[in-house]
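Written out below as structure tokens is the structure these notes cover.
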Amino acid sequence: MPLWLDMLRTPMAAPETADLRRLRRTWQILCLLLGASVLALQPLLHLVGRAAPCAIAALLVAALLTTALYLARKHRADTAFLDAAGEDQ
């Protein structure tokens with residue numbers, strides 16, 4: 001069997017667990033909130049004043065930390081899955 005066909009038949013990522021799915025959705029929501037808050041900066045400044053940039057910065061930090069956490073957990077899950085798949089063969 002050619003290598004490309006063998007790789008096509010081999011899953012390259014672990015199935016997504018409930019924890020990873022929750023973390024991914026949290027990350028997506030944070031990114032959407034960050035984008036919306038940046039687009040609505042002027043109305044936010046009128047509503048909450050000088051706290052608006054701080055809130056946006058907090059969203060940015062939360063999104064960055066969630067990204068790092070998700071990537072680390074996803075990498076660990078994928079590595080464990082591929083190691084287990086390699087042992088089965």
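The figures here come from the full heavy-atom set of this structure, side chains too, leaving out hydrogens, waters and symmetry mates.
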Residue pair L59 / L30: nearest heavy atoms and the distance that separates them: CD2-CD2, 3.9 Å

Any side-chain heavy-atom pair of Q42 and L45 under 4.5 Å: yes

T79 side chain vs R76 backbone, donor-acceptor pair below 3.5 Å: no

Where E16 and R21 come nearest, the two heavy atoms and their spacing: O-NH2, 3.5 Å

Pairwise side-chain contact, I56 with L60, heavy-atom cut-off 4.5 Å (strictly under): no

Smallest separation among heavy atoms of A14 and A77, with atom names: CB-O, 3.5 Å

Atom pair OG1/CG of T17 and L20 - distance to nearest 0.5 Å: 3.5 Å

From CZ (R24) to CD1 (I29), nearest 0.5 Å: 10.5 Å

Joint hydrophobic cluster, W27 plus L71, side-chain heavy atoms closer than 4.5 Å: no

Common cluster, V38/L41, ILVMFWY with side-chain heavy-atom separation under 4.5 Å: yes

Criterion side-chain contact (heavy atoms from CB on, under 4.5 Å) against Y70, the qualifying member of T26, L65, L23: L23

